[in-house]
Protein chains: 2
Amino acid sequence: MQARRPTIDDVARHSGVGRTTVSRVLNDGPNVRPEVRDRVWASVRSLNYSVNPQARSLASGSSGLIALVFASDFDAQPNSFYASALELGALRECLVQGRHLLTHHVPQHSPDWKRQVLELIRTQRCQGVVLTPPFSDDPDLVKAATAQCAVALISPSPSTRGLADGVGVDDEAGGYDVARHLLGLGHRNLAYITGLESHLSAARRLEGLRRAVKSQGLDPASVRVLGGDFTFRSGVEHTRRLLGERSPPTAIICANDDTAAGALSVAHGLHLSVPDELSITGFDDTPMSEIVWPPLTTVHQPLKDMAGAAVSAIARRLAGEEDGPRFETLPHRVIARESSGPPGAP
Amino acid sequence: MQARRPTIDDVARHSGVGRTTVSRVLNDGPNVRPEVRDRVWASVRSLNYSVNPQARSLASGSSGLIALVFASDFDAQPNSFYASALELGALRECLVQGRHLLTHHVPQHSPDWKRQVLELIRTQRCQGVVLTPPFSDDPDLVKAATAQCAVALISPSPSTRGLADGVGVDDEAGGYDVARHLLGLGHRNLAYITGLESHLSAARRLEGLRRAVKSQGLDPASVRVLGGDFTFRSGVEHTRRLLGERSPPTAIICANDDTAAGALSVAHGLHLSVPDELSITGFDDTPMSEIVWPPLTTVHQPLKDMAGAAVSAIARRLAGEEDGPRFETLPHRVIARESSGPPGAP
DNA sequence: ATGAAAGCGCTAACAG
DNA sequence: CTGTTAGCGCTTTCAT
């Protein structure tokens with residue numbers, strides 16, 4: 001396919017210096033005269049040289065690899081927007097840090113998923129791993145991963161926050177805020193469709209919701225809670241059930257945008273007007289929330305920034321930062337669009 | 001973070017054989033007695049050994065890397081489902097082939113995007129690259145890439161099919177088929193919102209559309225064509241324009257699902273009933289087509305399989321297959337959902 | 001069928 | 001400031 005590629009020795013010869021000097025120039029090392037530095041760069045350009053990353057990894061003992069791990073099925077495309085946003089953010093930060101990203105999708109129902117994640121880290125020599133929910137909530141996995149490489153968690157629950165660096169929004173407050181939004185519009189009969197039980201961050205949103213309800217002088221137990229799994233389909237199923245009840249909720253709060261889209265779809269099928277007869281809210285503010293009709297009221301989460309922050313936390317660790325696990329809270333905010341409004345004629 | 005990892009020499013020592021033999025076992029090479037083979041595998045397991053991929057790459061002179069390149073902006077999330085589907089398919093096939101995937105998103109409007117792609121291949125030592133549209137339609141880029149590594153194209157237009165292996169559906173036929181579907185329902189006033197001009201595969205869909213119109217005895221020139229760019233937003237803008245005309249189309253065919261979602265959203269905003277007052281179709285059959293309301297009639301494209309086929313084409317090349325570029329056509333089919341129906345009371 | 005030896009291209013002490 | 005010397009862990013001739 002191509003001729004022999006120039007090596008560092010070719011550059012050294014070409015610029016009349018030693019191999020080490022070239023290496024120093026390439027790595028922005030100290031102790032090189034500016035003049036020599038320029039000469040080396042000139043040779044690099046004229047030979048069209050670029051370092052062999054494999055050789056560099058081997059010699060330096062560090063692969064530069066960071067893994068981004070998702071729980072998902074190959075044959076579904078769950079949370080596509082969510083995953084894409086995180087991936088894009090991580091990719092961008094890796095570029096900045098001069099590292100490489102290895103994206104992995106692990107079937108979350110496979111019996112040995114923990115092992116799969118750890119094997120990935122081991123066999124690929126990853127130096128860091130970004131775990132997304134619900135992996136980021138599993139103390140065993142996080143501990144085991146920590147023993148192998150630097151770890152950063154996306155939206156970890158309190159149960160894992162002490163174990164590794166993490167980034168996320170204040171989920172409890174997020175839940176509180178949407179609920180307040182709805183209560184402020186006059187809703188008194190709310191329902192919540194949760195995410196998977198193992199995603200604790202979604203559970204925290206429910207806590208916030210309950211706090212909001214209580215702050216309004218209502219009974220938190222009056223909020224109906226259905227156990228979903230973040231999918232469009234679970235939004236469909238649970239909404240059908242809710243709307244079949246004797247006194248259906250006037251507002252359905254969903255654990256994410258996908259679920260809300262499913263809820264919306266049921267409302268359409270039943271010719272219910274949203275938001276007049278039913279308000280629906282999502283969570284994440286993925287592009288989906290602007291694609292559906294009516295546009296979704298949701299809680300914005302800066303997913304790209306979160307992933308970027310996770311990667312840079314890993315980079316800091318690898319650079320030698322030694323203090324205890326740090327959790328970085330990024331700002332969320334309620335985005336009120338047209339899927340929520342005052343409860344109307346039922 | 002961890003203790004010294006076992007090397008191939010540790011395994012060799014442990015199993016009492018030479019280093020070369022271990023290497024042979026690891027790589028399924030010939031000339032090893034079954035008995036010895038078993039012994040080596042036993043040592044591998046007991047030492048929890050795994051090869052160092054960096055060292056292997058360096059020694060073998062091959063990185064095992066395959067790049068998957070998308071045109072997109074960091075700050076948008078265009079075609080998220082489309083990209084995710086391809087990525088998942090490629091990832092799966094890479095796993096099978098024992099290779100690694102490097103996903104890259106190149107801002108398609110950056111001035112030197114061609115160079116960026118080529119630099120990626122060069123600096124990362126990629127052995128293969130999968131180009132998605134519109135990169136797969138650029139003869140210069142494809143030629144330059146071919147000089148550096150194995151290349152596979154997703155949905156290449158005829159202009160690049162002779163230059164490298166490719167996979168795709170028959171776009172012309174796809175366009176023909178949706179158009180026939182609509183014509184069969186009774187529509188006589190069609191409009192087409194295209195993708196970016198540079199995506200030739202979307203242009204081919206238009207050719208098919210025209211053929212269908214002609215086959216119905218109508219004038220192909222009567223089909224209004226607006227230049228979109230595959231985004232939701234372009235669906236919105238063009239649909240607004242179309243519906244503002246004196247005799248608006250009864251059906252809008254969109255170059256992809258995102259655009260169709262935009263069209264749908266305008267229809268909702270105008271309180272037009274879909275499909276009674278306006279039929280809308282998409283292309284790709286991404287999850288989006290089931291998320292919007294009403295569910296979208298669209299043309300299914302087996303994106304995951306396409307990406308998998310692309311990766312395996314690359315693997316075949318790298319394994320030494322030498323015949324000319326081959327284009328693999330995968331089956332498409334019209335998925336009729338509820339966004340299309342007979343033209344009703346206007 | 002097996003092993004010894006020679007690198008792959010680079011970084012990292014260690015001398016100067 | 002710069003060069004010399006060892007490897008990093010593996011694959012690959014080439015002997016045996």
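A quick note: this is a predicted structure, and the numbers were derived from the prediction, not measured. Letters A, B, ... mirror the listed sequences (proteins, then strands); counts begin at 1. The figures here come from the full heavy-atom set of this structure, side chains too, leaving out hydrogens, waters and symmetry mates.
- One can place CG of B/Asp9 at 8 Å from P of D/dC10, the figure rounded to the nearest angstrom.
- A/Tyr49 has its side chain out of reach of A/Ser43: every pair of non-hydrogen atoms, C-beta onward, lies at least 4.5 Å apart.
- B/Ser63 and B/Ser57 form no side-chain donor-acceptor contact under 3.5 Å, judged by distance and modelled atom types alone.
- One distance of note links CG of B/Leu88 with OG of A/Ser72; it measures 6.0 Å at 0.5 Å rounding.
- Side-chain atoms of A/Gln97 and A/Ser312 form no donor-acceptor pair, as typed in the model, at a separation below 3.5 Å.
- Look at A/Arg33 and you won't find any side-chain N or O under 4.0 angstrom from OP1 or OP2 of D/dC1.
- Between the side chains of A/Ser155 and A/Ser201, not a single donor N or O lies within less than 3.5 Å of an accepting N or O.
- Residues A/Leu68 and A/Ala90 approach most closely at CD2-CB, 4.2 Å, considering heavy atoms.
- Mapping B/Val32 and A/Arg19 onto DNA chain C via the closest heavy atom, the residue that lands nearer the 5' end is B/Val32.
- One end of the helix from C/dA1-D/dT16 to C/dG16-D/dC1 points its axis 30° away from the other end's axis, with each axis taken from 5 pairs and the angle rounded to 10°.
- For A/Phe81 and B/Phe81, the ring centers are positioned less than 6.0 Å apart.
- Here the C1' atom of nucleotide D/dG3 and the CZ atom of A/Arg39 are 14 Å apart, to the nearest Å.
- Here the P atom of nucleotide D/dT11 and the CD atom of A/Gln54 are 14 Å apart, to the nearest Å.
- Within 4.0 Å (heavy atoms only), B/Ser23 reaches at least one base atom of the nucleic acid.
- There is a side-chain donor-acceptor pair under 3.5 Å between B/Arg122 and A/Asn48.
- In this entry the distance linking CD1 of A/Ile8 with C1' of D/dG7 reads 15 Å, nearest Å.
- Protein atom CG of B/Leu58 is 12 Å distant from nucleotide atom P of D/dG9, rounded to whole Å.
- Note: CZ (B/Arg56) to P (D/dC8) measures 19 Å, nearest angstrom.
- Here B/Asn52 does not reach the OP1 or OP2 of D/dG9: none of its side-chain N or O atoms lies under 4.0 Å away.
- Every side chain to side chain donor-acceptor pair (under 3.5 Å) that B/Arg125 has, sequence neighbours left out, goes to A/Ser50.
- By the 4.0 Å N-to-carboxylate-O rule, B/Arg19 lies close enough to B/Asp9 to be salt-bridged with it.
- Computed from coordinates, the A/Asn31 CG to D/dT4 C1' distance equals 16 Å when rounded to whole Å.
- Proximity note for B/Thr20 (side chain, C-beta onward) versus D/dG7, D/dC10, D/dT12: the nearest is D/dT12.
- Going from atom CG of B/Asn27 over to atom C1' of D/dT13 covers 15 Å, rounded to whole Å.
- Summary of the strand contacts: B/Arg24 and B/Ala59 both lie near DNA chain D, and taking for each the nucleotide with the nearest heavy atom, the more 5' one is attributed to B/Ala59.
- For the pair B/Ala55 and B/Val22, both in contact range of DNA chain C, the more 5′-proximal nearest nucleotide belongs to B/Val22.
- Where DNA chain C meets chain B (any atom under 4.0 Å from a heavy atom), the bounding nucleotides read 5' to 3' are C/dA1 to C/dG9.
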